[in-house]
K.L.:
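Please see the structure below; I have some questions.
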There are 2 protein chains.
Amino acid sequence: MISQSVNDKRTDLLAAALKLFVQYGFHGTPTSQIAKQAGVANGTLFHYYKTKEDLIVSLYIDIKLRMGQYIEAKAEPHKNPKKNFRNQFIEIVLWSLENKDDFYFIQQFHNSPFAALVPPEEIQMQLNKFCGQIEDAIKLKAIKNRDTDFILSLITSHTYGLTQYLTKAKFDDDKQKKIIKDSFDMLWKMIE
Amino acid sequence: MISQSVNDKRTDLLAAALKLFVQYGFHGTPTSQIAKQAGVANGTLFHYYKTKEDLIVSLYIDIKLRMGQYIEAKAEPHKNPKKNFRNQFIEIVLWSLENKDDFYFIQQFHNSPFAALVPPEEIQMQLNKFCGQIEDAIKLKAIKNRDTDFILSLITSHTYGLTQYLTKAKFDDDKQKKIIKDSFDMLWKMIE
DNA sequence: ACATTTGTAGAGTGATTAGTCAATCTGTAA
DNA sequence: TTACAGATTGACTAATCACTCTACAAATGT
């Protein structure tokens, strides 16, 4: 099964890159190390990814894709916008906690010059889902009437801050869930 | 005046490094470029900073110091905790907007393996001021009774999110101030 | 005046790295 | 069986980079 093995190598490379990037940073990780960690030859890496940059951007897009799929799979669409936001908020935080490396990589990537290299259509795709929801909620007067991007910024950074906090402090699952719910209530108080 | 000229070279180097790091990233910026931009010889850079890493960490500490001084200079201590938070919140956001490179550098730095290299006493120093204020406010029941670090995380990320938003969208000063104030009111609603 | 320390320069060095390439292997299809 | 396309390899290269070293200049102390 050739296409299977191709996918394996591709994902092996991405997984290896993720692990090493998170630990040593982009520049601290030579492509030779990534290849070694993935169990393939140096040249193979460049067979699948034209440049190191290409690998980095591909990894970002892959992570975003996986996160999107995860959230979508867990989504239970409600008429009630609050419940919708609540569900998604909780799922995103849980995903981030279960995939700390991915989460950390995204932050690292966002605050790097590589961020400018993501194709615009990728960015737009990711935003559209959320922006639509926010606009709907505003129309229904479920949340404050502010610029959509503004609301999105506040929600995103709130999610980020909470995840950062939960990552540093180690709580058991129950306590963690309580904090997440509490945190959403606070967020909602802010934007409702 | 030798000490003057020494300071000049040091600050020239930091300023050059800041500009280039923000544009090209840590690894995308060779020390030779930093020296050139600062108008000094390559070797001079290594006279003042033992390694590139040392330069990066020093730059971070320098920026944090300057920000702290700016905030402190503008501080008008109130008995009222809300007014205190409000003042500081506004000042931090304004500083970030006036010093976009510094702001961006800090994010870049925080999400990089270099963050682990900051001497612990530096970190503690910065946290103490804020944590004290938060604890006081909790005692006075001005804000919700939650873990100090939790509150701090939420405030920090809120500030960050707002600054990100204002940096991307370009508003005139009046509009900007309105948004900042509005944003603080929302933040306060969340934690009061 | 002299000695000593400190600052500055920039060519040089050794190590490292992204990316190439020619050769070999593997699977498929006629 | 043969032919062919893609996959895989790893030695190789050209370039780059962090950092050193030596020589000299400027400032400071005595």
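This structure is a prediction, so every number in the text was calculated from the model and none was measured.
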K.L.:
Tell me whether the OP1 or OP2 atom of dT8(C) has a side-chain N or O from H47(B) closer than 4.0 Å.
P.N.:
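Checking H47(B) against dT8(C): no side-chain N or O falls below 4.0 Å of OP1 or OP2.
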K.L.:
Mind calculating the distance between CZ (R10(B)) and P (dG7(C)) to the nearest angstrom?
P.N.:
8 Å
K.L.:
Can you find a pair of side-chain heavy atoms, one from E122(B) and one from K64(B), that are under 4.5 Å apart?
P.N.:
no
K.L.:
Do any side-chain atoms of residues 21-45 of chain A form donor-acceptor pairs under 3.5 angstrom with protein atoms, and if so which ones, sequence neighbours left out?
P.N.:
from   : atom 1 : to     : atom 2 : distance (Å)
T29(A) : OG1    : L20(A) : O      : 3.3
T29(A) : OG1    : G25(A) : O      : 2.7

K.L.:
Just to verify, which of E72(A), K129(A), E76(A), Q133(A) counts as forming a side chain to side chain donor-acceptor pair (under 3.5 Å) with Q88(A)?
P.N.:
Q133(A)
K.L.:
Please state how far atom CD1 in I34(B) lies from atom C1' in dA9(C), giving the value in whole angstrom units.
P.N.:
18 Å
K.L.:
Strictly below 4.0 Å: does T44(A) bring a side-chain N or O up to OP1 or OP2 of dA7(D)?
P.N.:
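No, because none of the side-chain N or O atoms of T44(A) sits under 4.0 Å from OP1 or OP2 of dA7(D).
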K.L.:
Nearest whole angstrom, please: distance from the P of dG6(D) to the CG of D8(A).
P.N.:
20 Å
K.L.:
Counting just side-chain N and O atoms, does K9(A) come under 4.0 Å of either OP1 or OP2 of dT8(D)?
P.N.:
yes
K.L.:
Measure CG/D12(A) against P/dT8(D) and give the value in whole Å, please.
P.N.:
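The answer, rounded to whole Å, is 10 Å.
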K.L.:
What I'd like to find out is whether the side chain of T167(A) reaches to under 4.5 Å of the side chain of Y104(A), using heavy atoms alone.
P.N.:
no
K.L.:
Tell me, for nucleotides 15-20 of chain C in 5' to 3' order, what letter each nucleotide earns: B for a base near a protein heavy atom under 4.0 Å, S for only sugar-phosphate near one, - for neither?
P.N.:
--SSBB
K.L.:
Could you tell me whether K177(B) atom NZ has more than 12 heavy atoms of other residues or ligands within 6.0 Å of it?
P.N.:
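No, because the 6.0 Å sphere around NZ of K177(B) holds 12 heavy atoms or fewer from other groups.
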K.L.:
Using atom CG of L20(B) as one end and atom C1' of dC17(D) as the other, report the distance to the nearest whole Å.
P.N.:
15 Å
K.L.:
Whole Å only: how far is the OH atom of Y49(A) from the C1' atom of dT8(D)?
P.N.:
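Answer to the nearest Å: 16 Å.
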K.L.:
If you measure only the distance, is there a donor-acceptor pair under 3.5 Å linking the side chains of D147(A) and Y165(B)?
P.N.:
yes
